[in-house]
Amino acid sequence: MGHDCDMTYTDTVPDLCQVPPNGICCVPVTRPEIVKLNVGGGIFEVFRTTLERYPDTLLGKKDSLDEYFMTEQDYHFLERHKLIFSSILYFYQSPGKFYRPACVSADQFNLELEFFGLTGYYETFASSLEKPCRKNAKYEHPTLRVERAWNFFKDPKSSGAARVWAIIDVIAISLAVLLFIVETMPNIKAELANPDQVLATSFFVVETLCVAFFTVELVGRMICCPDKKQFLKTLMNWIDFVTIIPYFTQLAENMMQDSVEGETSSGMHGGKGGSNTEAIVVLRVLRVVRVLKLARHSKGIIIVTKTLTSSINELALLLFFWFIGVIIFGSVMYYIEYSFDNNSDFSSILQSSWWAVVTMSTVGYGDMVPKSGWGKLVACVCMMFSMIIIALPVTVIVSKFTRVYAKIQGQDLETKSGS
């Protein structure tokens, strides 16, 4: 035993350990047996000794596990939930700890635990977690609270309260858009001009409640968002911000007018009927953007938006050829029709380009029509050209729409299967 020995692994245990010429002996050590498992199509490999830590379970009992062994494939096959099995295997490796994937329901998780004989271990593990919680039940890690609050605003399916909040959001958006439309009716508009009318007060109260709800939602999502930079880069968040600006601007204007008695600012009128200044008119028009907030709750609008985003190159190419056609046909039509009749409606290339836009978009208002034979011929070529360039990218856009739709449907099915 005068030699230094290095520990090395061998696949088999030899009967005799020969001492090599360099004087270093080899002590054979048996390599732990590796168990190969195929669970729901996923291949898992684990040491037998790891599974034998809990011999009273299905995986820990060699005889019970060997009943699922397939000789030709050289692995154990279990037709169970692949995602849940990753959590079950983690129990043996940790050892003794469980985690349930977020997309897996408690009933489905318990069903797999019962199959693998781990129900008792899971109950013990769960009870050990509940004890410290009882001592300080009000404590929750700040990160978890923020994440839960973010899911509350972002995902209506995360909880029952989030679903109720989403329904209230849709109702508030619908009411705000409805008020925006109804207040332009002549008889309603006349009553709203008088702030003392009950209808004007009712409209103001409903508008205030809707804007208050939108403001709380926007501020809440901004505070709870884990990535503030990404929040500021998202277009829908800016749309939410733009929709509440008109209310506060109009409110500030009314308060300023009420504070100045006996004076009338240029271009401004009191009351909730509105202001005639161009800035306020623009802000009022921005209120219609609220309808875009419904996109957050519409799967169809999300699919169309993603399709158009992925087809931006094809759409840019379409607009490029469309612009070229407008310039060419507008210019040709101007020179043909103006030479035929100096009093023609095609009084300039800009005016003729308007005709080309209407014609190439297949709208055809009929406010401008060519009268000469050559002009009619150019109009026919313009119409044929427009149909060709519009039809070219349609197949590409449709194929991308199909892919986006299939992807979103697959995600929904995966979520439903997990829950």
Side-chain angles (χ1 to χ4, degrees), residues 145-185 188-189 192 195 198-258 271-275 277-302 304-306:
R145 289 200 299 267
V146 172
E147 182 179 357
R148 183 176 300 178
W150 173 246
N151 290 331
F152 173 80
F153 289 109
K154 182 182 178 181
D155 186 11
K157 299 179 182 179
S158 61
S159 63
R163 189 175 293 107
V164 173
W165 182 270
I167 294 174
I168 297 176
D169 188 25
V170 174
I171 295 175
I173 296 172
S174 302
L175 280 176
V177 174
L178 182 63
L179 290 180
F180 175 78
I181 296 173
V182 172
E183 70 180 13
T184 59
M185 298 175 62
I188 302 296
K189 192 174 183 180
L192 293 178
V198 177
L199 183 61
T201 304
S202 302
F203 269 57
F204 178 75
V205 171
V206 175
E207 179 77 8
T208 301
L209 292 176
C210 292
V211 173
F213 179 85
F214 299 149
T215 305
V216 170
E217 181 190 33
L218 179 61
V219 174
R221 287 194 292 110
M222 182 172 61
I223 294 175
C224 300
C225 181
D227 190 350
K228 299 296 189 295
K229 292 183 179 179
Q230 185 62 33
F231 181 87
L232 295 176
K233 293 179 181 179
T234 304
L235 177 62
M236 286 303 301
N237 295 328
W238 285 103
I239 291 177
D240 294 343
F241 177 72
V242 168
T243 57
I244 64 177
I245 291 179
Y247 173 84
F248 291 106
T249 305
Q250 185 65 52
L251 183 63
E253 180 199 357
N254 292 337
M255 292 176 63
M256 290 175 60
Q257 291 186 14
D258 292 340
K272 302 175 183 64
S275 171
T277 60
E278 294 183 0
I280 297 299
V281 170
V282 172
L283 290 175
R284 281 181 170 272
V285 172
L286 290 177
R287 292 166 59 194
V288 76
V289 181
R290 289 173 180 169
V291 73
L292 296 179
K293 291 167 62 69
L294 292 173
R296 190 182 296 114
H297 307 285
S298 175
K299 185 188 300 182
I301 297 179
I302 294 175
V304 173
T305 303
K306 291 186 176 180

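Note that the structure is a prediction, hence the values are computed from the model and not measured.
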(request) Please report the shortest heavy-atom distance between C224 and W150, naming the atom on each side. (result) O-CB, 3.6 Å
(request) Please report the C-alpha distance between V182 and M185 in whole Å, then the side-chain angles of each, then the deciding distance to 0.1 Å, and finally whether the side chain to side chain contact (heavy atoms under 4.5 Å, CB included) criterion is met. (result) CA-CA 6 Å; V182 172; M185 298 175 62; 4.2 Å; yes
(message) On a heavy-atom basis, which atom in E183 and which in F203 lie closest, and how many Å separate them?
(response) CB-CE2, 4.1 Å
(message) Working to the nearest 0.5 angstrom, can you tell me the gap between L218 CG and T243 OG1?
(response) 8.0 Å
(request) Drop me the distance from F213's CZ to I244's CD1, to the nearest 0.5 angstrom. (result) 12.5 Å
(request) Determine the minimum heavy-atom distance between F214 and A176, stating which atoms define it. (result) CE1-CB, 4.1 Å
(request) State, yes or no, whether a side-chain contact exists between T215 and Y247 at a heavy-atom distance under 4.5 Å. (result) no
(message) Can you tell me if K233 has over 12 outside heavy atoms packed within less than 6.0 Å of its NZ?
(response) no
(request) Assign the ring pair W165 / F152 to parallel, tilted or perpendicular, where the plane angle (0 to 90°) is split at 30° and 60°. (result) tilted
(message) Would you compute the distance between atom OG1 of T234 and atom CZ of R221 and round it to the nearest 0.5 angstrom?
(response) 9.0 Å
(message) Measuring from atom CG of L179 to atom CZ of F204, what distance do you get when rounded to the nearest 0.5 angstrom?
(response) 12.5 Å
(request) Could you grab the distance from atom CD1 of I223 to atom CZ of F231, nearest 0.5 Å is fine? (result) 9.5 Å
(message) Distance check, rounded to the nearest 0.5 Å: I171 atom CD1 versus C210 atom SG?
(response) 10.0 Å
(request) Locate the shortest heavy-atom distance separating M222 from K228; write the atom from each residue and the value. (result) O-CE, 3.0 Å
